[in-house]
Amino acid sequence: MAPRVALLAGGAVVLLLAAVAARASNDEGDALYALRARLSDPNRALRSWNPNVVNPCTWLHVTCDHANRVVRLDLGNSNFSGSIGPELGRLVNLQYLELYMNNLGGEIPKELGNLKNLISLDLYDNKLTGSIPKSLSKLNSLRFMRLNNNKLAGSIPRELAKLSNLRIIDLSNNDLCGTIPVDGPFSTFPLRSFENNSRLNGPELQGLVPYDFGC
Ligand SMILES: *[C@@H]1O[C@H](CO)[C@@H](O)[C@H](O)[C@H]1NC(C)=O
Ligand SMILES: *[C@@H]1O[C@H](CO)[C@@H](O)[C@H](O)[C@H]1NC(C)=O
């Protein structure tokens, strides 16, 4: 190949890679913008979320890594209402999802189980209903799961016992029922993580089939 042709070919590859990279960041921007559309934001916390920029990394409350991938969403205590929606499941690089102390309603989307890199899921102090999705047991990196002070019902999915990195769980002040798992990380969690769930019946007896009493 003549040097000029090689240069042109190289340039085309660089342009193609840049286009792919921009498209990938836009997917995350689109997912965040879909979240914005679901939220009522009386304090205008999301006013910097402009969909016309190349990626969402300059938006307030959004943190990216060196490759412009979204790794943190810090939207706690922001007076939002509305619902969370399935789109957040597309932020596959997310490590911290902080939506605590708002007025969010609706269910926890099962799509959050796609966030393989998630370390912290903080949804406490909202008005979330429905049950805890089983899919959260796919969050192998998860260390902190705080869903306390909501209106969650149903039983605690046994599958969550697979979360070997989980250090802190708080499910207190909900409407959960059944029994508390005892396997895996659940052997270390204090009972206060589960208190004030009037229909929850204490830890499972080891060796017995889980019995969802009252569920
Ligand atoms: C939250 O938003 C409501 C309007 O929806 C407003 O009346 C209230 O003052 C706001 N609270 C705070 C703490 O900003
Ligand atoms: C128990 O949890 C419910 C639901 O979150 C809450 O409304 C209530 O204030 C809590 N009660 C106590 C004593 O903490």
Side-chain angles (χ1 to χ4, degrees), residues 21 24-25 27-32 34-35 55-57 61-76 83-100 104 106-126 128 130-150 152-172 174 176 178-194 197 200 203-204 206 209-210 212:
S25 339
D27 282 342
E28 296 193 326
D30 292 348
L32 287 171
L35 173 68
N55 63 51
C57 300
H61 315 294
V62 175
T63 307
C64 292
D65 64 7
H66 60 277
N68 289 338
R69 297 175 303 199
V70 176
V71 294
R72 277 193 81 110
L73 200 50
D74 286 287
L75 298 175
S83 62
I84 300 176
E87 297 87 1
L88 282 189
R90 282 153 49 194
L91 299 175
V92 292
N93 302 294
L94 202 60
Q95 296 176 9
Y96 294 84
L97 178 53
E98 309 297 327
L99 292 170
Y100 56 87
L104 299 172
E107 303 198 352
I108 300 175
K110 63 179 186 313
E111 289 80 1
L112 295 189
N114 298 335
L115 304 178
K116 298 272 155 52
N117 294 297
L118 204 63
I119 292 171
S120 175
L121 177 61
D122 280 327
L123 306 179
Y124 59 89
D125 274 301
N126 277 291
L128 299 169
S131 51
I132 301 172
K134 274 193 187 117
S135 61
L136 299 186
S137 66
K138 295 190 292 176
L139 302 175
N140 289 324
S141 308
L142 201 65
R143 274 187 256 161
F144 310 100
M145 182 194 287
R146 285 173 280 231
L147 309 179
N148 50 294
N149 297 72
N150 279 292
L152 299 170
S155 56
I156 302 171
R158 259 69 220 156
E159 292 83 353
L160 295 184
K162 289 192 293 193
L163 295 174
S164 57
N165 289 308
L166 199 59
R167 293 290 169 270
I168 305 266
I169 195 168
D170 196 341
L171 304 178
S172 63
N174 278 293
L176 300 169
T179 49
I180 303 168
V182 289
D183 299 331
F186 282 86
S187 64
T188 65
F189 300 142
L191 278 178
R192 71 166 177 279
S193 301
F194 307 97
N197 283 276
L200 202 55
E204 278 163 14
Q206 207 112 34
V209 178
D212 285 344

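- Between the CG atom in Leu115 and the NZ atom in Lys138 there is a gap of 9.5 Å [rounded to 0.5 Å].
- A donor and an acceptor atom, one from each side chain of Glu28 and Asn93, are located under 3.5 Å apart.
- Between Ser187 and Val182, the closest side-chain pair of non-hydrogen atoms is not below 4.5 Å.
- The side chain to side chain contact (heavy atoms under 4.5 Å, CB included) test with Tyr124 is passed by exactly one of Leu128, Asn126, Asp122: Asp122.
- Nearest approach of Pro109 to Gly85, heavy atoms of both residues: CG-O, 3.1 Å.
- Listed here is the closest heavy atom pair of Val71 and Cys64: CG2-C, 3.9 Å.
- In this structure, CG in Leu121 is found 10.0 Å from CD1 in Ile169, a value given to the nearest 0.5 Å.
- Put simply, the side chain of Leu152 does not reach to within 4.5 Å of the side chain of Leu171, judged on heavy atoms.
- Side-chain contact between Pro181 and Ile156: present, with at least one pair of heavy atoms (C-beta onward) separated by less than 4.5 Å.
- In this structure, Leu91 and Ala31 approach most closely via the heavy-atom pair CD2-CB, 4.2 Å.
- Here the CG atom belonging to Leu35 is positioned 11.0 Å from the CZ atom belonging to Arg90, to the nearest 0.5 angstrom.
- More than 12 non-hydrogen atoms from other residues, nucleotides or ligands lie less than 6.0 angstrom from CD1 of Ile119.
- Note that the CD1 atom of Ile168 and the CE atom of Met145 stand 12.5 Å from one another [nearest 0.5 Å].
- With hydrogens and angles ignored, the 3.5 Å screen pairs a side-chain donor or acceptor of Arg167 with a backbone N or O of Asn165.
- The backbone N or O of Lys116 lies less than 3.5 Å from a partner atom in the side chain of Ser141, making a donor-acceptor pair.
- Under the 3.5 Å distance criterion, the side-chain polar atoms of Ser135 are matched with a main-chain donor or acceptor of Lys110.
- Between Asn149 and Tyr100 the shortest side-chain heavy-atom distance does not fall below 4.5 Å.
- With sequence neighbours excluded, the residues that form a side chain to side chain contact (heavy atoms under 4.5 Å, CB included) with Glu107 are Thr129.
- Put simply, CG on Leu104 and OG on Ser83 are 8.0 Å apart, with the number rounded to the nearest 0.5 Å.
- Using a 4.5 Å heavy-atom threshold, the side chains of Leu32 and Leu73 count as touching.
- Side-chain atoms of Thr179 and Arg158 include a donor-acceptor pair closer than 3.5 Å.
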Test side chain to side chain contact (heavy atoms under 4.5 Å, CB included) applied to Leu191 and Ile180, step by step
CA-CA 9 Å; Leu191 278 178; Ile180 303 168; 4.0 Å; yes
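- Atom CG of Leu147 sits about 9.0 Å away from atom CG of Leu176, to the nearest 0.5 Å.
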Kindly indicate, with the supporting measurements, whether the criterion side chain to side chain contact (heavy atoms under 4.5 Å, CB included) is fulfilled by Leu88 and Leu99.
CA-CA 12 Å; Leu88 282 189; Leu99 292 170; 4.3 Å; yes
As a quick check of understanding, evaluate side chain to side chain contact (heavy atoms under 4.5 Å, CB included) for Glu98 and Ser120, giving each step before the final call.
CA-CA 8 Å; Glu98 309 297 327; Ser120 175; 2.9 Å; yes
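- Judged as a salt bridge (Lys or Arg N to Asp or Glu O under 4.0 Å), and not counting sequence neighbours, Asp170 has no contacts.
- Between the side chain of Asn114 and the backbone N or O of Val92 there is no donor-acceptor pair closer than 3.5 Å.
- For Asn197 (side chain) and Asn174 (main-chain N/O), a donor-acceptor pair under 3.5 Å exists by modelled atom type.
- With hydrogens and angles disregarded, a donor-acceptor distance shorter than 3.5 Å links the side chain of Asn150 to the backbone of Leu123.
- Nearest heavy-atom pair, Pro185 versus Ala161, reported as atom, atom and distance to 0.1 Å: CD-O, 3.2 Å.
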Verify side chain to side chain contact (heavy atoms under 4.5 Å, CB included) between Tyr96 and Thr63, making sure each step is shown before the conclusion.
CA-CA 9 Å; Tyr96 294 84; Thr63 307; over 6 Å; no
